[in-house]
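Heads up: the structure comes next, in C-alpha cells.
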Number of protein chains: 2
Amino acid sequence: MSDKATIYDIAKKLNISAATVSRALNDHPKTSIKTKIRVQETALELGYEQNKLALALKSGRSNNIGVIVPRIDINFFGSIIRGIEDELYPKGYHIIICQTHDNEEKEIQNINALLNAQVDGIITSITKNTKSTTIFDRILEKNTPLIFVDRKLNLKGASSVTLNDFKGAYMATQHLIEQGCKRILHLTVLGHKSVEIYKHRLDGYTQALLDNNIPFDKNLIIETENDLEGGKKAGLKIMKFNESPDGIFSSSDFMLLGAIKEIKSHGVNIPEDIAVIGFSNEPFTKFMENPISSVDQCALDMGKLAARVFLEQINAPQLIKIEKNVVLAPKLKIRQSSLKKVICN
Amino acid sequence: MSDKATIYDIAKKLNISAATVSRALNDHPKTSIKTKIRVQETALELGYEQNKLALALKSGRSNNIGVIVPRIDINFFGSIIRGIEDELYPKGYHIIICQTHDNEEKEIQNINALLNAQVDGIITSITKNTKSTTIFDRILEKNTPLIFVDRKLNLKGASSVTLNDFKGAYMATQHLIEQGCKRILHLTVLGHKSVEIYKHRLDGYTQALLDNNIPFDKNLIIETENDLEGGKKAGLKIMKFNESPDGIFSSSDFMLLGAIKEIKSHGVNIPEDIAVIGFSNEPFTKFMENPISSVDQCALDMGKLAARVFLEQINAPQLIKIEKNVVLAPKLKIRQSSLKKVICN
DNA sequence: CTGTTAGCGCATTCAT
DNA sequence: ATGAATGCGCTAACAG
C-alpha cells in the first residue's frame, strides 16, 4: 500500500510546494523550523523515502561504485572487496560487484555496463588476459575515477594500489637464506612473463640471492601450472634432481602445497630437509597441521586504500586530476614450514 | 570530451525528434529501417550510450538487486554471491553488495539504503542477532521480491533457499556409525538455540542415533565458541572424559579443527581412535595433510537457485505472488579424517 | 521564507 | 512512420 510516497504527496497534504518539502527534508537553511517539523512529521506518517534514482539522475551522481574482480569467491578478492565496502559504506556509497572470470571480453562488458549505470568510479583488478587498454581509456575519458588494485595497467590518469611483490619475494628469499638455505628453488607460474606480479617476484628472488652472494642457477627455477597438480608435477621434478634444493620459495601457496605433498611422499622432511615459503597467505596455510609460511598480501588494506584513493579523487576540485600510485609493503607470515632453526613460538 | 551523448544529440544531428531516436534505438517495429540505420550509425559516431539511470527512473526498474550477507570475505557467502552473479549477470542485472557484520542495526540500514536505491529485489542471509521482522515486512509491503538464503526468517510472501541441515547432520552421523563409531560426540555452537541451523544439525544427529538404536547421551554434547579456540577448549574437555568418544560430528569445521589439534597433541590418533567429520566444507579441510571430512553446503547452487527464484518472482504477472521455499540436499565430502575402515581412494 | 519553473535522459501516449 | 507533449522524482535557479 505504502508503495511509494513522493515529495508531492507530502506537499499536497500540507498545501505547500514540492520545492519547500525538498528543502525542508534537506535541512536547507532558508526554511522555517515550523515547516521543517511539519514536513518531517508527515514524511514519517506517509512512509516517505527519498528515491535515490531520481536524485542520481538529477545530480549526475549515482553514489554507486563498480568493483570488478576476476572471481569474487577467491579469498584474496573477497578481502579486497570487504576492505572497499568497509571504507565506502559509511560515506554513503554502494558497491556493485562484477566478475570477469579472467575473460577480457567479460571485462569489457562489465565496464560498459557499469559506465551505463553511471557509477561514480571503478575499482578493478585486471584480467590475466587483458591485452587492450581502450576500454580503460574510455573510463578515463568520461572522467570517471579509475583505480587498479593488485593487477594494474600503467595508464596516465588511473590510480593504483598494489603490493610490492618484489619486496615480498625478496623478504621471503632472505628469510630462507637466514635459515641457512644455500640452494633455493623458485616455483613460478607458467607463462608468468605476461603477468607483472610473477615477474616481480622472480626479480625479488634473484636480487636476494645476488645480495647474499648466492649464484643464480636457472635450473632452480621451475615453471608450472598455478594449482595443486602443477605443484605436484614440480615436486616430482625436484625429487629427480641430482642435488636437492634445501629451500623453496613459491610464487603461489597452491603450487607450493602440491609440491609439499609430493615431496613428503618421498620421505623428505619439511622444513628440516627443505624449508619452504609461499605467497598469498591463503587461509589454509595457517590451518595446516604443519602450518606453511607465506607472504601476506594485505588484501583488506589494499581494498581500504583503493577506496580512500577513490574518495580523494571524487572529492577533488573539478580541474585537478589526482593520480596516485600506492605500493603496499607485504608482511611475512613465518610458520613452521620454513623454520630450520629452533625458535620459541 | 565525449562526456555524454544523449538521444537529443543524435536527434539534433539528424534533424529528427528524440522520440524517433529512442524508437530506432529500441528497434521499435514502427520505424523505417533507413532511420534505424542512420541513428545507429550516428549513435556509434557520437559514442552514445544509454543512461540506465534515466531508464530506471522512467520504468521504475533499476535492474539492480541487493545482496546482503554477514561478511563477504567468508568463503561460504562469497560462493553464494558468485552463484547469484553468474546467474543474474547474463539477464542484465547488477548486484549491489552489503555486509551486516552480524549487526542487526546495520542490517536495517542496508535494507533501507537498498530500498531507497530502488533495487528490484533483495537476497539476504539474516544476522545471527536479527530479532525484529518489521524491516523485512517493509520490503514485502513495497512488493519487492525478498529471498532468504541459508539463514532465513519465516515470513509470508518471502521465499527462501536453504540447506537441509537436519539431513546433512543425519548423513554425517550415519556415516560415522557406519564406520563403526558407538560413542559419537556432537560439537555445537554456544547459544545455538537462537540459530535455526544449529538446532537442525543437533536434531539430525539425534535422529541418526535414534534410528541406529544408539542411546542419546547429553554428556556427549559440547557447546563452545565457533572458532579454533572454542574447539581447543572442547578438545581439552574431551580428553578429560572417563570414557573417550570414538567419533565426533561437529557443526563447524573451525571448531573441529581446534578440537583435532588439541586431541592430537594428547597422542590420540585420528581417525583410528576418534573419527571426525565437520560441517561447511571449508576450503582448508581438503588441503590439510590429513584431509577432514565435512558436509558440503552447496553454496554456489544456493546462490544460483536464489537468483532463479528471484527471476521467477520478478517475471510473474502482477497479481500473482510467488512464494517458494527451496531446500537443498547437502553433500558428504568423505575424507581421511572419518575413514576407520580401509577404502581404496 | 516560499512558490514557480525548468531540466536531468528516456520512453511512451497521442496526434499527424 | 514520425513529432510533440508528458512524466518518472527530485533539486536548483530565480522570483517574490
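The chains referred to below are lettered A, B, ... by the order of the sequence lines, with proteins before strands, and numbering in each begins at 1. Any value given below was found using the heavy atoms of this structure, including those in side chains, with hydrogens, waters and symmetry copies removed.
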OP1, OP2 of [N] versus side-chain N and O of [X]: anything below 4.0 Å?
X        : N      : result
B:Asn26  : C:dA11 : yes
B:Thr20  : D:dG3  : yes
B:Ser17  : D:dG3  : yes
B:Ser32  : D:dT2  : yes
B:Thr35  : D:dT2  : yes
B:Gln118 : D:dC8  : no

Is there a donor-acceptor contact under 3.5 Å from the side chain of B:Glu323 to the main chain of B:Gly157? yes
Starting at [atom1] of [X] and ending at [atom2] of [N], how long is that distance when rounded to a whole Å?
X       : N      : atom1 : atom2 : value
A:Asp27 : D:dT11 : CG    : P     : 13 Å
A:Leu25 : D:dA12 : CG    : P     : 13 Å
B:Asn63 : C:dG9  : CG    : P     : 20 Å
A:Ile10 : D:dC10 : CD1   : C1'   : 12 Å
B:Arg23 : D:dA1  : CZ    : C1'   : 8 Å
B:Arg61 : C:dA11 : CZ    : P     : 15 Å
A:Arg38 : C:dC1  : CZ    : P     : 15 Å

Could you work out which one of [options] sits closest to the side chain of [X]?
X       : options              : result
A:Leu55 : D:dC10, D:dG3, C:dG9 : D:dC10
B:Lys58 : C:dG3, C:dG7, D:dC8  : D:dC8
B:Leu57 : D:dC8, D:dT2, D:dC10 : D:dC8

To the nearest 0.5 Å, atom CG of B:Leu153 lies from atom OG of B:Ser132 at 9.0 Å
Side-chain touch B:Phe77/B:Gln99, heavy atoms, less than 4.5 angstrom: no
With a non-hydrogen cut-off below 4.0 angstrom, is A:Ile7 in contact with a base, only sugar-phosphate, or nothing? base
So what does A:Ser22 touch, heavy atoms closer than 4.0 Å: a base, only the sugar-phosphate, or nothing? base
Residue whose closest nucleotide on DNA chain D lies nearer the 5' end, B:Tyr8 versus A:Leu53: B:Tyr8
Would you kindly say whether B:Asp102 and B:Thr127 are connected by a side-chain donor-acceptor distance under 3.5 Å? no
I'd like to know if the side chain of B:Asp86 pairs up with that of A:His101 as donor and acceptor (distance under 3.5 Å, no hydrogens or angles considered). yes
Which sits closer to the 5' end of DNA chain C, A:Pro29 or A:Ala19, going by the nucleotide each is nearest to? A:Pro29
